Amino acid sequence: MTGRFDRLSLNRFTPEDKAVGVAVSAVLAGTVGLAVFSPLADGSAAAETPAQASVVAEKGTAEKGTVSHGSAKTAKVSAAVQAERQGFKVAPHAVKPDEVIKLAEKQVGVHEGKGGETKYHDWYISTPHAKQTAARDGGFPVKDYRGAQWCNMFVSWLGAQTGVKNMGWDAYTVQHATWFKDTGRWGHEAKPGAVVFFDWQDGSDGGINDIDHVGLVVKDNGDGTVNTVEGNTDNSVNQKVRQKSQIVGFGYPDYAS
């Protein structure tokens, strides 16, 4: 199976979503910087969630203010709660690639259950973000994600569990890769922790619109191959050794140095 969840249309955040975002925007922008982006709307950079969209809009104003010690503590708690509501296990923070790689490796051997479903489907469907991508990609019911191709849901789950900044969440590889490129996080170097995108037909000669599959880079072997961990590979999470000639490009989350 591949990661091509290929339905494309546009939708906008509801007034209710925007209201939620405005209510927490100053809190988030002033404490943990919950301005994590992902591929939504018309291909331009849009926020991971409605709340984070407001963070981006309000960030300049929030940064001009000052926050007392007590207020900062309360803000951090509020930010953590809001992040959990959006689907994060922990609020976005400085994360090193090794942390994400270790979590990915622990998932090796997880297999699809009945109907091709996994815990990665369950997580993605539970997030407000799923409604946004479903609307963007054709307006289908969120339940249609159940049993769908899940390599990109797996990569997104890794980011949500570890709190990586700007890893992006999606179920459709082409949209995810496009977002990385549009936000200046796209390249052709196999860095540990990078999100790697494949085209089985044309490989490195293919373009973003040809992408079929996605995984996580573990290591560049220096011999024209890359070690990866990938979901939705033989109906499970697997470690693979891939030829660079199969790779269209890489997306780079904002990892801690």
Side-chain angles (χ1 to χ4, degrees), residues 1-5 38-39 89 94-112 118-121 123-124 149-181 183-208 210-257:
M1 297 173 70
T2 69
R4 302 194 63 166
F5 207 91
S38 90
K89 183 177 181 180
V95 176
K96 292 186 176 182
D98 285 352
E99 183 177 341
V100 182
I101 291 170
K102 287 178 181 177
L103 177 60
E105 291 174 334
K106 288 181 180 178
Q107 304 306 303
V108 171
V110 173
H111 285 263
E112 293 178 359
T118 67
K119 65 181 180 182
Y120 315 115
H121 291 90
W123 164 77
Y124 193 78
Q149 300 156 353
W150 53 277
C151 57
N152 217 134
M153 295 186 209
F154 169 68
V155 169
S156 300
W157 180 87
L158 293 173
Q161 293 294 299
T162 55
V164 178
K165 294 180 179 180
N166 291 318
M167 191 160 187
W169 297 358
D170 217 292
Y172 178 32
T173 54
V174 171
Q175 285 280 12
H176 201 170
T178 298
W179 171 79
F180 272 121
K181 185 173 182 179
T183 57
R185 297 181 174 88
W186 181 257
H188 299 279
E189 182 180 351
K191 300 177 183 179
V195 180
V196 53
F197 294 89
F198 302 95
D199 174 11
W200 301 138
Q201 181 173 339
D202 298 320
S204 57
D205 292 329
I208 284 179
D210 302 313
I211 289 171
D212 296 304
H213 184 61
V214 64
L216 187 79
V217 174
V218 175
K219 179 184 178 182
D220 184 341
N221 295 316
D223 61 357
T225 66
V226 177
N227 288 355
T228 66
V229 178
E230 303 166 21
N232 198 27
T233 305
D234 299 325
N235 301 324
S236 62
V237 180
N238 276 295
Q239 293 174 312
K240 304 294 287 186
V241 179
R242 299 293 193 185
Q243 297 291 327
K244 286 186 176 180
S245 60
Q246 298 174 302
I247 297 171
V248 177
F250 303 87
Y252 305 117
D254 292 344
Y255 285 117
S257 57

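From a predicted model like this one, the values you see are computed outputs, not experimental measurements. Side-chain atoms are counted along with the backbone in the values below, which use heavy atoms only and exclude waters and symmetry mates.
Surrounding NZ of Lys181 are at most 12 heavy atoms belonging to other residues, nucleotides or ligands under 6.0 Å away. Enclosure of atom NZ in Lys106 is not indicated, since only 12 or fewer non-hydrogen atoms of other residues, nucleotides or ligands lie within 6.0 angstrom.
Closest approach of Val248 to Phe198, counting heavy atoms only: CG2-C, 4.2 Å. Considering every non-hydrogen atom in both Val214 and Phe197, the closest pair reads CG2-CE2, 3.6 Å. Closest approach of Lys96 to Ser257, counting heavy atoms only: CE-O, 3.6 Å. Nearest heavy-atom pair, Val196 versus Leu216, reported as atom, atom and distance to 0.1 Å: CG1-N, 4.0 Å. The two atoms that bring Ala160 and Trp123 nearest to each other are CB-CZ2, 3.3 Å, heavy atoms only. Closest of all the heavy-atom pairs between Thr228 and Glu230 is OG1-OE2, 2.6 Å.
Within the 3.5 Å criterion, the main-chain N or O of Asp223 finds no donor-acceptor partner in the side chain of Asn221. A side-chain donor-acceptor contact under 3.5 Å links Ser156 to the backbone of Asp170. Not one N or O on the side chain of Asp210 forms a donor-acceptor pair closer than 3.5 Å with the backbone of Asp199. With Tyr252 contributing its side chain and Glu189 its backbone, the two residues share a donor-acceptor pair below 3.5 Å. In this structure, the side chain of Thr233 engages the main chain of Gly231 through a donor-acceptor pair within 3.5 Å.
A distance of 7.0 Å separates CD1 in Ile211 from OG1 in Thr178, rounded to the nearest 0.5 Å. Taking CG from Asp220 and CZ from Phe250, the interatomic distance works out to 7.5 Å, rounded to the nearest 0.5 Å. One finds the CG atom of Asn152 at 10.5 Å from the CD atom of Gln175 (value rounded to the nearest 0.5 Å). Taken to the nearest 0.5 Å, the CG atom of Asn238 stands 10.5 Å off from the CG atom of Asn232. For the atom pair Lys240 NZ and Asp234 CG, the distance stands at 5.5 Å (nearest 0.5 Å). For the atom pair OH of Tyr124 and CH2 of Trp169, the computed distance is 9.0 Å after rounding to the nearest 0.5 Å.
Checking Glu105, Glu99, Gln107 one by one against Leu103, the side chain to side chain contact (heavy atoms under 4.5 Å, CB included) holds for a single residue, Gln107. Checking each of Met167, Arg185, Lys165 against Pro253 for a side chain to side chain contact (heavy atoms under 4.5 Å, CB included) leaves exactly one that passes, namely Met167. Val100 pairs with exactly one of Val164, Val195, Val229 by the side chain to side chain contact (heavy atoms under 4.5 Å, CB included) rule, that one being Val164.
Side-chain contact between Asn227 and Gln239 is absent, with no heavy-atom pair separated by less than 4.5 Å. Looking only at side-chain heavy atoms (C-beta outward), His213 and Trp200 come within less than 4.5 Å of each other.
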Carefully, step by step, assess Lys191 and Val217 under the rule side-chain contact (heavy atoms from CB on, under 4.5 Å).
CA-CA 7 Å; Lys191 300 177 183 179; Val217 174; over 6 Å; no
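By the 30° and 60° cut-offs, the orientation of the rings of Trp186 relative to His188 is perpendicular. The aromatic rings of Trp150 and Tyr120 lie parallel to each other, with less than 30° between the two planes, well short of the 60° mark.
For Thr173 and His176, the side-chain atoms include no donor-acceptor pair closer than 3.5 Å.
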